[in-house]
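Convention: sequence-line order gives letters A, B, ...; per-chain numbering from 1. This one's a predicted model, so the numbers in the text were calculated from it and none came from an experiment. Hydrogens, waters and symmetry mates play no part in the numbers below; they use all other heavy atoms, side chains included.
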Number of protein chains: 2
Amino acid sequence: MKLQPLLKYISNYIDLTNEEIDFLESKITVRKYLKGQYVVQQGDVCKHQCFVLSGCMKTFYVDAEGQEHIVMFSIEDWWTSDMGSFVTQTPADFNIQCLENSELAMFSYDSMEVLFSRIPKMERFFRQIIEKGFAASQKRIVRSFSLSAKEQYLYFREQYPEIEQRIPQYMVASYLGITKEFLSKIKSQLSLE
Amino acid sequence: MKLQPLLKYISNYIDLTNEEIDFLESKITVRKYLKGQYVVQQGDVCKHQCFVLSGCMKTFYVDAEGQEHIVMFSIEDWWTSDMGSFVTQTPADFNIQCLENSELAMFSYDSMEVLFSRIPKMERFFRQIIEKGFAASQKRIVRSFSLSAKEQYLYFREQYPEIEQRIPQYMVASYLGITKEFLSKIKSQLSLE
DNA sequence: AAATAATGTTAATCTTGTTTAACAATTTTT
DNA sequence: AAAAATTGTTAAACAAGATTAACATTATTT
């Protein structure tokens with residue numbers, strides 16, 4: 001059924017018995033969101049860890065000048081949440097908004113506690129997911145310091161070709177930390193090479 | 001004894017029995033490093049998660065042009081490792097080098113597996129630590145996009161006054177992603193305000 | 001106490017990327 | 001099919017920060 005992609009994803013990390021899978025499923029809420037809807041809003045407490053079953057979302061921060069800065073995109077088989085808000089259950093710094101109609105498998109803060117006590121393997125699973133996310137985030141910091149805007153764009157295009165097809169270009173610019181005008185310039189330069 | 005700061009740190013997250021503490025201690029290696037020594041070198045596999053008992057270290061990346069980019073500093077009561085390398089046991093992208101004579105409590109990859117099986121609470125502890133690290137890393141990305149160099153410097157100075165006292169200014173510049181000359185300019189501007 | 005190495009400063013010039021603004025192309029709505 | 005909204009492009013003027021190079025200061029070693 002609907003949760004198949006999540007179960008398959010989990011099976012890459014740990015093995016679960018049928019009973020465990022039943023229990024796991026009882027702790028998950030599947031929810032649909034329309035394009036434009038918010039999963040988390042800056043200032044609210046992030047109450048869930050979300051696995052994307054279908055659709056696409058952006059995680060972004062609106063700064064003091066009202067400018068939007070995209071931290072990450074999430075598509076099928078990715079996780080999304082405001083981790084800082086979730087772990088401390090304090091107001092979120094980030095917004096998570098759907099860029100397409102989407103379907104999410106959601107683990108609430110409380111249900112995760114219960115899940116981890118009953119199935120310690122699930123704690124291992126989440127630890128491993130978060131380790132990966134942390135490592136990826138550190139590498140992103142390094143790229144933003146050591147690569148030019150053009151190099152970062154090429155890296156993004158190579159790493160996430162599917163994402164570039166699905167989102168407007170000005171959001172790619174925001175993700176890369178440059179203006180849409182400059183990205184446009186980079187692309188026209190590249191097309192002449 | 002030596003591990004007291006680590007045990008105190010852990011007790012903020014979980015409670016351990018005396019037996020558990022004994023077992024934990026049997027899985028930790030305490031090691032001294034001299035100023036200048038490397039804990040991890042780019043290209044080697046990062047084999048440990050390290051808790052800083054004393055001293056100070058920098059985690060940095062050397063790019064294709066030979067330029068050094070500091071990802072983080074670690075002082076007493078902080079953790080350090082190349083998470084990406086550690087979790088996949090593949091060659092590290094980062095170097096970790098001591099800026100002072102230092103003492104580290106080290107958990108090897110293998111010993112952590114054993115530790116987690118025997119004391120599942122320790123897996124919870126590490127999950128929580130990594131969640132925090134991940135959240136901090138995401139916030140750093142946002143700062144690097146939404147703040148000017150001057151604002152980032154002021155933030156660093158406010159957040160980590162102890163670190164600024166202990167390391168040369170050109171390393172602060174590297175951490176902020178700017179040149180030492182420009183940081184010098186920022187500081188002279190600030191002194192005139 | 002010199003000598004050397006490491007760290008920090010200043011200023012001129014250059015580069016990368018921003019801002020502004022006008023316009024073009026594409027989608028979506030009516 | 002027209003109108004409106006969203007997205008993308010171009011170019012000129014500008015600003016933030018890099019580079020270069022010369023020099024000043026502070027630590028460290030001899």
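A heavy-atom distance below 4.0 Å to DNA chain D is reached by none of the residues of residues 145-165 of chain A. Contacts between residues 167-184 of chain B and DNA chain D, counted as heavy-atom distances below 4.0 Å, involve B:Gly177, B:Ile178, B:Thr179, B:Glu181, B:Phe182.
In this structure, A:Tyr38 and A:Phe60 have tilted ring planes: the angle between them lies in the 30° to 60° band. Between A:Phe51 and A:Trp79, the ring-plane angle classifies as perpendicular under the 30° and 60° cut-offs.
Interatomic distance, OG1 of A:Thr29 versus NE2 of A:His48, reported as 5.5 Å (0.5 Å rounding).
In this structure, B:Arg140 is positioned above the aromatic face of B:Tyr175, its NZ or CZ under 6.0 Å from the six-membered ring centre and within 45° of the axis. Cation-pi contact between A:Arg118 and A:Phe23: present, with separation from the ring centre below 6.0 Å and deviation from the ring axis of at most 45°.
Atom pair A:Lys187:NZ and C:dA25:C1' shows a separation of 14 Å (rounding to whole Å applied). When rounded to the nearest whole Å, the span between CD of A:Gln189 and P of D:dG8 equals 18 Å. At whole-Å resolution of the value, CD1 in B:Ile186 and P in D:dA15 are 17 Å apart. Distance NZ (A:Lys185) to C1' (C:dA21): 15 Å, rounded to an integer number of Å.
Remark on the helix from C:dA1-D:dT30 to C:dT30-D:dA1: inter-end axis angle 50°, axes from five-pair C1' superpositions, rounded to 10°.
Across A:Phe125 and A:Ile14, no two heavy atoms sit closer than the pair CB-CD1, 3.8 Å.
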Check the pair A:Leu24 / A:Ile10 against side-chain contact (heavy atoms from CB on, under 4.5 Å), numbers first and verdict last.
-> CA-CA 11 Å; A:Leu24 169 66; A:Ile10 293 175; 3.8 Å; yes
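With 3.5 Å as the limit, one finds a donor-acceptor pair spanning the side chains of A:Glu164 and A:Tyr153.
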